[in-house]
Protein chains: 2
Amino acid sequence: MREAGTLISIPVYSFVGAYLVMIVVGIIKAIVDGPGSVDEANIASHATESITLFLVLHTFSSGCTALTGVEAISNGVGIFKPPETRHARQVMVVMAAVMGLLLFGTIALTQFFGVTAHENETILSALTREIFGRTFPYYVVSLSTLAILVVAANTSFVGFPGVSSLIAQDGYMPRQLTSLGDRLVFSNGIFSLTACVAALIIIFGGDSHALIPLFAVGVFLAFTLSQTGMVVHWMRVRGPHWHLKAVINGLGAVTTAVTLVVVAASKFLDGAWIIMVLIPMVVYFFHKVHEHYQEIRPQLSLEGMPYPPAPVLPPRVVVPVSGMHRGTLRAIQFAQSISSDVTAVYIELDETRTEKFKADFEKWSGHINLVVIPSPYRSILGPLLHFLEAFDREQGDRQPAVLVLPEFIPGSWWQHLLHNQTAWLIKLAVIYQRRRHGGGRIVVDVPFHLRG
Amino acid sequence: MREAGTLISIPVYSFVGAYLVMIVVGIIKAIVDGPGSVDEANIASHATESITLFLVLHTFSSGCTALTGVEAISNGVGIFKPPETRHARQVMVVMAAVMGLLLFGTIALTQFFGVTAHENETILSALTREIFGRTFPYYVVSLSTLAILVVAANTSFVGFPGVSSLIAQDGYMPRQLTSLGDRLVFSNGIFSLTACVAALIIIFGGDSHALIPLFAVGVFLAFTLSQTGMVVHWMRVRGPHWHLKAVINGLGAVTTAVTLVVVAASKFLDGAWIIMVLIPMVVYFFHKVHEHYQEIRPQLSLEGMPYPPAPVLPPRVVVPVSGMHRGTLRAIQFAQSISSDVTAVYIELDETRTEKFKADFEKWSGHINLVVIPSPYRSILGPLLHFLEAFDREQGDRQPAVLVLPEFIPGSWWQHLLHNQTAWLIKLAVIYQRRRHGGGRIVVDVPFHLRG
C-alpha cells in the first residue's frame with residue numbers, strides 16, 4: 001500500500017504544482033492584460049434566470065459535487081505512518097486548502113477572462129489555453145490533468161474490492177469476493193467492478209456528463225448516512241464537547257440531505273431515477289444472498305448426523321450404451337470394477353440394429369444385465385430418465401442408481417460438432433434434476449480421448 | 001409428402017389463375033386504351049447502351065435466373081403417382097408452358113404500358129396496379145404472389161435437409177444430420193438451414209437483390225455439373241439416339257457454363273466472390289469431416305482388442321475436500337463404497353483453519369488417507385492437477401486415479417453465483433486434459449442438492 005502511495009504521489013504533485021503555477025501566471029496576466037470579453041450570447045440564458053431558492057440549492061449541490069474526493073483520505077487512514085489519525089488530519093487540512101485554492105483560483109480566472117467550455121474542449125483546457133496559448137506549459141497542465149483523472153478512476157478499484165469483501169464476509173454478497181488472488185488483492189471484486197464500469201461506459205456511450213446524476217445521488221446518500229451516523233455516535237459516546245460535535249455533524253447531515261433531495265429531484269429524469277431504482281434492488285439482493293447463506297448452513301452442517309455415519313451400501317450402477325466399441329467397453333468395465341450390480345441400457349432407435357448389438361454386447365460383457373428400451377420417436381434422454389426413475393422405484397433401496405456415462409473427447413474443438421452431445425445432455429439433465437434435497441444421482445464420466 | 005403436395009397446390013393454382021386473369025384483362029385493356037407513356041429519363045441510360053456480346057450474355061443469364069425453379073420438379077419425381085416418370089414429364093411440360101406464358105405476358109404488358117419498378121414497389125405490383133387500379137383484384141394478385149414466394153422459400157427447407165442427410169450418411173457432414181426427429185423430418189438439417197438463412201438475412205439486411213449474385217453462381221454451377229453429368233451418363237449407357245441426347249445435354253452444359261462464367265465475372269464484386277470463396281471452403285470442410293470419421297473408426301473398433309478383455313483393477317480414488325460437511329462426507333462415503341484405496345486431498349488456502357479441518361476429518365472419516373497441500377498463492381486447480389499427476393506416477397499402475405468431486409447444486413439458478421464454481425472448473429480441466437489417446441481420467445460427480 002505504501003508503494004502504491006508513492007506511485008500515486010507523482011501525478012498528484014504534478015497536478016497541484018502545474019495548477020498552482022498556472023494560477024499564478026494567470027493572475028499576473030490578468031493584472032497586465034485586464035479582463036477578457038465574455039461571449040454574451042453564450043451565457044445570456046443563464047444570466048436572466050432569477051435567483052430562486054432552488055437555484056441556490058442547485059448551485060450548492062454542483063459545488064459539493066466538485067469537492068467530493070476529499071473524503072477518500074478518511075478511507076485510507078490506515079496507510080499513514082503512526083500516529084495515523086494526526087497525519088491523516090494534517091493531510092486533510094492541507095488537501096482542503098489546496099483544493100479550495102485551486103477551485104477558487106480557476107473559477108475566478110475563468111470569470112475574469114470570460115472563458116467558456118465548448119463541445120470539444122473542457123473549461124479547464126480553455127482556461128489553460130487562454131493563459132499559456134498552445135505552448136509547452138499547456139501540454140504539461142493538460143497531461144497532469146489526465147494523470148490525476150487516472151488516479152481518481154483508480155480509487156474505486158482500490159475501495160470497492162475492499163468494501164465488497166467486508167460485505168461478503170458478513171454474508172451479504174457472494175463469498176467469492178472475499179478470496180484474495182495471487183497478487184494479494186480481492187481479484188473478484190476488481191473483475192466485477194470492471195464489468196460494471198464497462199457496462200456503464202457502453203450504456204452511456206462514454207459520456208461522463210450523463211453519469212454525473214448517478215454519481216451525485218450515490219455520493220450524497222453516503223455522506224448523509226455517514227454524517228447521521230456520526231451524530232448517533234456522539235450521542236452514544238458523549239465525550240467532551242459532544243453537543244458541539246453532534247451539532248456540527250448534524251449540520252453536515254442536514255446539508256448533504258438537502259443536497260441529496262435537490263440532486264435527486266432536479267436530475268431525476270437525467271438518470272438519478274436509475275440509482276433510486278437500483279439501490280433498493282441492491283439492498284434486496286444483499287438480503288436474498290444473506291438468506292441463502294443462512295439457509296444452507298444447517299443443510300450442510302454435520303451436526304445432527306448419526307455418529308459414526310452408517311456405511312454406504314455398494315452402488316447399483318446403470319450404463320447407457322449406444323453400441324459396442326472401446327469407449328463403451330471401458331465404461332462397462334469400470335462399472336464392473338466398482339459394483340457387482342451393473343445394468344446396461346440400450347435405447348433402440350433402429351430395430352434392425354438391435355440383434356447385431358446384442359450379439360456384440362454378449363460377446364464382450366456377457367454376464368451383466370441388458371435392458372433394451374424401444375424409442376419409436378427416436379428420443380434418447382426422455383426414455384433414459386424414465387427408465388432410471390422406474391428402476392429406482394422398483395429396487396426400493398432409497399438410493400438412486402449411479403449413472404456411468406461413456407463419453408468421447410475429440411482431438412480438437414470443432415470435432416465436437418461431429419458427435420452427438422448426448423452424454424453432455426444426459427449429465428446436465430441428471431445432475432440438475434431435483435429429486436429431493438440432499439444427495440442427488442451420482443454421475444460418472446468415463447472419457448475416451450480420440451486422436452485427430 | 002402427398003399431403004404437403006395438396007397443401008402447396010392451393011397457392012400455386014391461385015397464383016397461376018390470378019396471373020392468367022390479369023394477363024387477359026391486361027391484353028383487353030391494351031387493345032382498348034393503347035400503349036402507355038414510358039418515363040424516358042428512367043430508361044435512357046440503358047437504351048443508349050450498345051448491344052455487345054457481353055450484354056447479350058448478361059441478358060441471357062438474367063433470363064435464365066428468372067426461370068430457375070422448374071428443375072424442382074425433377075427433385076420431386078418420387079412423389080408423383082405411378083408411372084412417376086410419365087406424370088413428372090407431363091407436369092414439367094405444363095409448368096414450362098405456364099411459366100413461359102406468364103413471363104412473356106407480363107414482360108409484354110410492362111413494355112406496352114411503360115411500367116417500371118420503383119424503390120418501394122416491384123414491377124409486378126406496378127403492372128397489376130396499372131391494369132386493375134388499387135381495387136380488390138389488385139390485392140388478390142399481390143397476396144397470391146406473396147403465397148407463391150412463401151412456397152418457393154419452403155422448397156429449400158424440403159430439399160436441404162434431405163440432401164444434407166445423404167451427404168452425412170456418406171460421412172462428409174456431421175452425422176447428426178442423418179437423425180430423424182419425432183416429426184419424421186431431418187430436424188437438424190432444418191435447424192442448420194434456418195441458422196444460415198437468418199445469418200444471410202442479417203448480414204445482407206434483408207435485401208434480396210444483394211443475394212441474387214450468390215444464388216446465381218450456385219445454381220448455374222449446379223446446372224453445369226448436372227448437365228455435364230448427363231453427357232457422361234449417355235456416353236456410358238449408349239442407349240438409342242445417345243449421340244443426340246448427349247449433344248442436347250452438352251449444349252445445356254455449355255450454355256449454363258457460359259452463364260456461370262458471365263454471372264461470376266459480372267457480379268464478382270457484387271457478392272459472387274463470396275460463393276467462389278465459400279464453395280472451396282465447404283468442400284474442404286466435407287473432406288475434414290470425412291477424414292475425422294475415418295480416423296476414429298479404428299480407434300474405437302473392438303477388433304484387435306485382447307479377448308476376453310482383461311478385468312479392470314479396482315480403482316484408486318482421490319476426493320478433493322474443502323471442508324467437512326454433508327456434501328463432502330457423502331462424496332467420501334461414496335468413494336469408500338467403490339474402492340478400498342481412497343485418498344482425500346485438502347488444498348490449504350489458510351493455515352489457521354487446517355487443524356480444525358483435520359480434527360473434523362478424522363472424526364468423520366478417520367481411516368482414509370489425507371493429503372494436505374499448501375497453496376500459498378491460493379490457487380486450487382493448479383496444485384490439485386499437479387498432485388494427481390505426481391500421485392499417478394508414484395503409484396505406477398498405469399491407471400489414472402478416479403476423481404470423486406463433491407458438488408453443491410443450489411435451489412435456483414442465480415444462487416450458482418454465490419458458490420465457487422470450483423467443482424465445475426476441475427471437471428472441465430480434468431476431462432479435457434489430454435493425457436494420452438484412449439481412456440482419460442474418470443470423474444465422478446456427487447451432487448448435493450440445496451433447498452432454497
Side-chain angles (χ1 to χ4, degrees), chain A residues 174-176 179-182 289 292-293 295-296 299-302 305 309 311-315 324-327 329-330 333-334 336-339 360 364 377-379 407 409-410 415 417-420 427 431-432 434-452, chain B residues 174-176 179-182 289 292-293 295-296 299-302 305 309 311-315 324-327 329-330 333-334 336-339 360 364 377-379 407 409-410 415 417-420 427 431-432 434-452:
Chain A
R175 68 162 73 114
Q176 293 96 311
S179 58
L180 278 173
D182 55 6
V289 168
H292 173 73
Y293 285 135
E295 275 174 6
I296 66 170
Q299 294 179 51
L300 286 174
S301 168
L302 290 172
M305 282 278 282
V312 172
L313 299 171
M324 282 309 291
H325 52 66
R326 289 182 191 227
L329 181 59
R330 180 157 185 260
Q333 288 189 310
F334 175 74
Q336 286 176 302
S337 80
I338 63 167
S339 170
D360 279 356
W364 289 96
Y377 299 107
R378 287 163 301 281
S379 155
E407 185 177 13
I409 313 289
Q415 293 168 348
L417 299 174
L418 306 182
H419 300 276
N420 286 312
K427 238 186 302 180
I431 293 184
Y432 291 98
R434 293 202 68 73
R435 298 171 52 81
R436 55 167 183 251
H437 306 307
R441 189 187 302 286
I442 293 171
V443 176
V444 182
D445 238 300
V446 184
F448 191 87
H449 289 276
L450 298 172
R451 245 191 315 272
Chain B
R175 68 162 73 115
Q176 293 96 312
S179 58
L180 278 173
D182 55 6
V289 169
H292 173 73
Y293 285 135
E295 275 174 7
I296 66 170
Q299 293 179 51
L300 286 173
S301 168
L302 289 171
M305 283 278 281
V312 172
L313 299 171
M324 282 309 292
H325 52 66
R326 288 182 192 227
L329 181 60
R330 181 159 184 260
Q333 287 189 310
F334 175 74
Q336 286 176 303
S337 80
I338 63 167
S339 170
D360 279 356
W364 289 97
Y377 299 107
R378 287 162 301 280
S379 155
E407 185 176 13
I409 313 289
Q415 293 168 346
L417 300 175
L418 306 183
H419 300 277
N420 286 311
K427 237 187 301 180
I431 293 184
Y432 291 98
R434 294 202 68 74
R435 298 171 52 81
R436 54 165 186 251
H437 305 307
R441 188 187 302 287
I442 293 171
V443 176
V444 182
D445 238 300
V446 183
F448 191 87
H449 289 277
L450 299 171
R451 245 189 315 271

So what's closer than 4.5 Å to chain A heavy atoms on B/S379: side chain, backbone, both or neither?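 Contact with chain A: none, neither part.
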
Below 4.5 Å from any heavy atom of chain A, which atoms of B/Q336 appear? Answer side chain, backbone, both or neither.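 Neither part; nothing is under 4.5 Å.
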
Is there a donor-acceptor pair closer than 3.5 Å between any side-chain N or O of A/R326 and the backbone N or O of B/L302?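 It does not hold such a pair.
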
Could you measure the distance from the CD atom of B/Q333 to the CG atom of A/L313? Nearest 0.5 Å is fine.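 The CG atom of A/L313 is 10.5 Å from CD of B/Q333, to the nearest 0.5 Å.
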
Could you tell me the separation between the CG atom of B/D360 and the CG atom of B/L329, rounded to the nearest 0.5 Å?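 The CG atom of B/D360 sits 11.0 Å away from the CG atom of B/L329.
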
Side chain, backbone, both or neither: which part of A/S301 has an atom under 4.5 Å from a heavy atom of chain B?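 Interface part for A/S301: backbone (N, CA, C, O).
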
Results of side-chain contact (heavy atoms from CB on, under 4.5 Å) for B/L300 - residues two or more places apart only: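 B/L300 satisfies side-chain contact (heavy atoms from CB on, under 4.5 Å) with A/H325, A/F408, A/F448, A/L450, B/I296 only.
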
Using a 4.5 angstrom heavy-atom cutoff, name the option from A/Q176, A/E407, A/K427 with the most pairs to chain B.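 Heavy-atom pairs under 4.5 Å are most numerous for A/Q176.
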
Taking every heavy-atom pair that is under 4.5 Å apart, which of A/G327, A/P174, A/P315, A/P309 has the most such pairs with chain B?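 With the most close heavy-atom pairs to chain B, the winner is A/P309.
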
With a 4.5 Å cut-off on heavy-atom pairs, point out which of B/V289, B/V444, B/I442 contacts chain A the most.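 Winner by heavy-atom pair count: B/I442.
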
For residues A/Q299 and A/E295, report the shortest heavy-atom separation together with the two atoms involved.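 Shortest heavy-atom contact: NE2-O, 3.1 Å.
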
